[in-house]
Peer 1: 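So that we are looking at the same thing, I have put the structure below in structure tokens.
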Amino acid sequence: MRYFFLQAKMLAFVAIFALVASCGFVIEEGAPEPSPLRVTFLNVGQGLAVLLDCGGRFAMYDMGPDSAGVIDSLVARGVDTLEWVVVSHNHRDHAGGFMELAGRGGGSGSARVEGSLSRAGDGLFLGGTVPRVGDSLSRVRRAPRIGGGLSRVGDAPRDVGGLSRVGDAPRDVGLARGGSAGVVRAGTAPRVYVRRLYVGPDTSGGFIRDSVLRVARGFGIPVDTLVRGMSLGQSSGDGEGSRGLSSNIGDAPGFDVLWPPDYVREGGNPASVVVRVEFGAASLLLTGDLDSVGERRLLELSPTLSAGLLQVPHHGSAGSSSLRFISRVAPDYAVVSVGAGNAYGHPREDVVRKYAYVLGDTARFFRTDLQGSVAFEMWPDIGVVAGSD
């Protein structure tokens, strides 16, 4: 009797194992664990700079003001290459840090360096002489194809306010740190390389917009304009020049542009590029300075919009973060990037109360003015996990 009982248990075990194997739940011995996507809201004062890190490959959503030393912060964190940078809109507290490249060096284009080019991975060192700003971007090494119909490398971004061709940029480009006029300096040692710049169709901010584009042109950084329906940072699939952010087992987070649609012509905050990041069970919504009107219109286009981690729109101003928007997104965590004692009173108390209602726990609401840089990890099998910077 005992023999038949043991035999029955063995058959049951074999049957269960076969079922589990058929469903794909058996993990191969030695299979690597997936890497998380690490999201850090840098403390840049009254501005926004979000660093994305997936297995040692980096990208940025906004770069803070040009007086915050964001390049120094990146270097201190061991970042020497950014696969891409998104500038959500043409306000200095979001785009200014990109202009620090003019005083720090960086980029993916070519420059004469004592008659030769020095390589840093797939990027090129800049130094020795000023980059050849008269060259067309089509002469720069071909960048990866990006899903959703992004423009070619040689194309100028749309709605750039008078720069009919990227090659029209003058030699004196950008701003030095602190806001004084500057140039792409000869002999400057490169510190952070940017492979690609994404901008939105923001129709305002002429001086900031033109300065950013001139810095990009000076360093040979390809520029594309983002609108709803595009995805960014995906691998090209053609081998050379892949620029996606991927984990150590090949899974890649998705970066989908939700706002603005291509038929919208807005300037300033309402034109902020909104990006939703999805990595398995984890999700993040980056909103820039979107206002309450933009929030409403975004929900009309994406009625099922949700995210585990939300970047609080427009630094928690009274004209953003409507209760309808927050409750619809229903985040587990929210982060507001603000400067200590800022003159705008951000975040507003009524906005903080709204997030308390939705989050249910004030410990899930993070502020860079009180806590400094704030980091999270996005795990594809778990979701968003709050960490420490």
Peer 1: Roughly how far apart are Leu290 CG and Asn269 CG, rounded to 0.5 Å?
Peer 2: 8.5 Å
Peer 1: What distance do Ile221 atom CD1 and Trp84 atom CH2 have between them, rounded to the nearest 0.5 Å?
Peer 2: 14.5 Å
Peer 1: Say whether Val70 and Leu197 are linked into one hydrophobic cluster, either directly or through other cluster members, by side-chain heavy-atom distances under 4.5 angstrom.
Peer 2: yes
Peer 1: The criterion is salt bridge (charged side-chain N to carboxylate O under 4.0 Å, His left out); which residues satisfy it with Arg353, sequence neighbours excluded?
Peer 2: none
Peer 1: Quick one: closest heavy-atom pair of Ser67 and Glu100, and the distance?
Peer 2: N-OE2, 4.2 Å
Peer 1: What are the two closest heavy atoms between Gly64 and Val44, and how far apart are they?
Peer 2: CA-CG2, 4.1 Å
Peer 1: Report yes or no: do Leu285 and Leu232 belong to one cluster of Ile/Leu/Val/Met/Phe/Trp/Tyr joined by side chain heavy-atom distances under 4.5 Å?
Peer 2: no
Peer 1: Side chains of Leu51 and Arg38: does their closest heavy-atom pair fall under 4.5 Å?
Peer 2: no
Peer 1: Could you tell me whether the side chain of Asp66 reaches within less than 4.5 Å of the side chain of Arg92, counting heavy atoms only?
Peer 2: yes
Peer 1: Over all heavy atoms of both residues, which pair between Tyr61 and Ser88 is shortest? Give the atoms and the distance, please.
Peer 2: OH-CB, 3.4 Å
Peer 1: Say whether Leu370 and Phe41 are linked into one hydrophobic cluster, either directly or through other cluster members, by side-chain heavy-atom distances under 4.5 angstrom.
Peer 2: no
Peer 1: Are the side chain of Ser272 and the backbone N or O of His89 linked by a donor-acceptor pair below 3.5 Å?
Peer 2: no
Peer 1: Could you pull out all residues at least two apart from Val351 that satisfy side chain to side chain contact (heavy atoms under 4.5 Å, CB included)?
Peer 2: Ser321, Arg348, Tyr355
Peer 1: side-chain contact (heavy atoms from CB on, under 4.5 Å) for Arg297 and Val264? Distances and angles first, verdict last.
Peer 2: CA-CA 11 Å; Arg297 297 171 73 184; Val264 167; 3.5 Å; yes
Peer 1: Where is the tightest heavy-atom contact between Leu301 and Pro261, given as atom of each residue plus distance?
Peer 2: CD1-CG, 4.1 Å
Peer 1: Does the distance from a Lys or Arg side-chain N to an Asp or Glu carboxylate O, for Arg209 and Asp202, drop under 4.0 Å?
Peer 2: no
Peer 1: With hydrophobic residues grouped by side-chain heavy-atom distances under 4.5 Å, do Val374 and Tyr333 end up in a single group?
Peer 2: yes
Peer 1: Give every residue pair that meets the ring-ring contact (aromatic ring centres under 6.0 Å, His included) criterion with at least one member in residues 288-312, sequence neighbours excluded.
Peer 2: none
Peer 1: Do Val384 and Ile382 share a hydrophobic cluster (ILVMFWY, side-chain heavy atoms under 4.5 Å, transitive)?
Peer 2: no
Peer 1: Testing the basics here: between Thr287 and Val312, what is the closest heavy-atom pair and its distance to 0.1 Å?
Peer 2: OG1-C, 3.9 Å
Peer 1: Do Arg276 and Ser306 come close enough that some side-chain heavy atom pair is under 4.5 Å?
Peer 2: yes
Peer 1: Over all heavy atoms of both residues, which pair between Pro270 and Gly267 is shortest? Give the atoms and the distance, please.
Peer 2: CD-O, 3.3 Å
Peer 1: To the nearest 0.5 Å, how far apart are OG in Ser337 and CG in Leu42?
Peer 2: 8.5 Å
Peer 1: Give, for atom CD of Gln311 and atom CG of Asp62, the distance between the pair rounded to the nearest 0.5 Å.
Peer 2: 7.5 Å
Peer 1: Could you tell me which residues satisfy ring-ring contact (aromatic ring centres under 6.0 Å, His included) with His315, sequence neighbours excluded, listed by chain and number?
Peer 2: His94
Peer 1: Under 3.5 Å, is there a donor-acceptor pair linking the side chains of Arg228 and Ser302?
Peer 2: yes
Peer 1: Are the side chains of Met378 and Pro253 in touch, meaning some heavy atoms are under 4.5 Å apart?
Peer 2: no
Peer 1: In the hydrophobic clustering that connects Ile, Leu, Val, Met, Phe, Trp and Tyr at side-chain heavy-atom distances below 4.5 Å, which members other than Tyr344 occupy its cluster, ordered by chain and number?
Peer 2: none
Peer 1: Taking C-beta and beyond as the side chain, do Ser373 and Arg77 meet within less than 4.5 Å on heavy atoms?
Peer 2: yes
Peer 1: Below 4.5 Å, heavy atoms only, C-beta onward: do Arg324 and Ser292 meet side chain to side chain?
Peer 2: no
Peer 1: Has Gln46 got a side-chain atom pairing as donor or acceptor with Gly339's backbone, closer than 3.5 angstrom?
Peer 2: yes
Peer 1: Go through it in stages, so that I can follow the logic: the residues are Val194 and Phe219, the test is side-chain contact (heavy atoms from CB on, under 4.5 Å), and I'd like the CA-CA distance, side-chain angles, deciding distance and then a yes or no.
Peer 2: CA-CA 9 Å; Val194 177; Phe219 286 119; over 6 Å; no
Peer 1: Any side-chain donor paired with an acceptor under 3.5 Å for Asp256 and Ser231?
Peer 2: yes
Peer 1: Report the residues that fulfil ring-ring contact (aromatic ring centres under 6.0 Å, His included) with Phe366, sequence neighbours left out, ordered by chain and then residue number.
Peer 2: Phe376
Peer 1: For residues Val79 and Met60, determine if any side-chain heavy atom of one lies less than 4.5 Å from a side-chain heavy atom of the other.
Peer 2: no
Peer 1: Would you compute the distance between atom CG of Leu359 and atom NZ of Lys354 and round it to the nearest 0.5 angstrom?
Peer 2: 13.5 Å
Peer 1: Roughly how far, to the nearest 0.5 Å, is CZ of Arg328 from CG of Leu305?
Peer 2: 8.5 Å
Peer 1: Would you indicate whether the side-chain heavy atoms of Asn43 and Gln371 approach each other to under 4.5 Å?
Peer 2: no
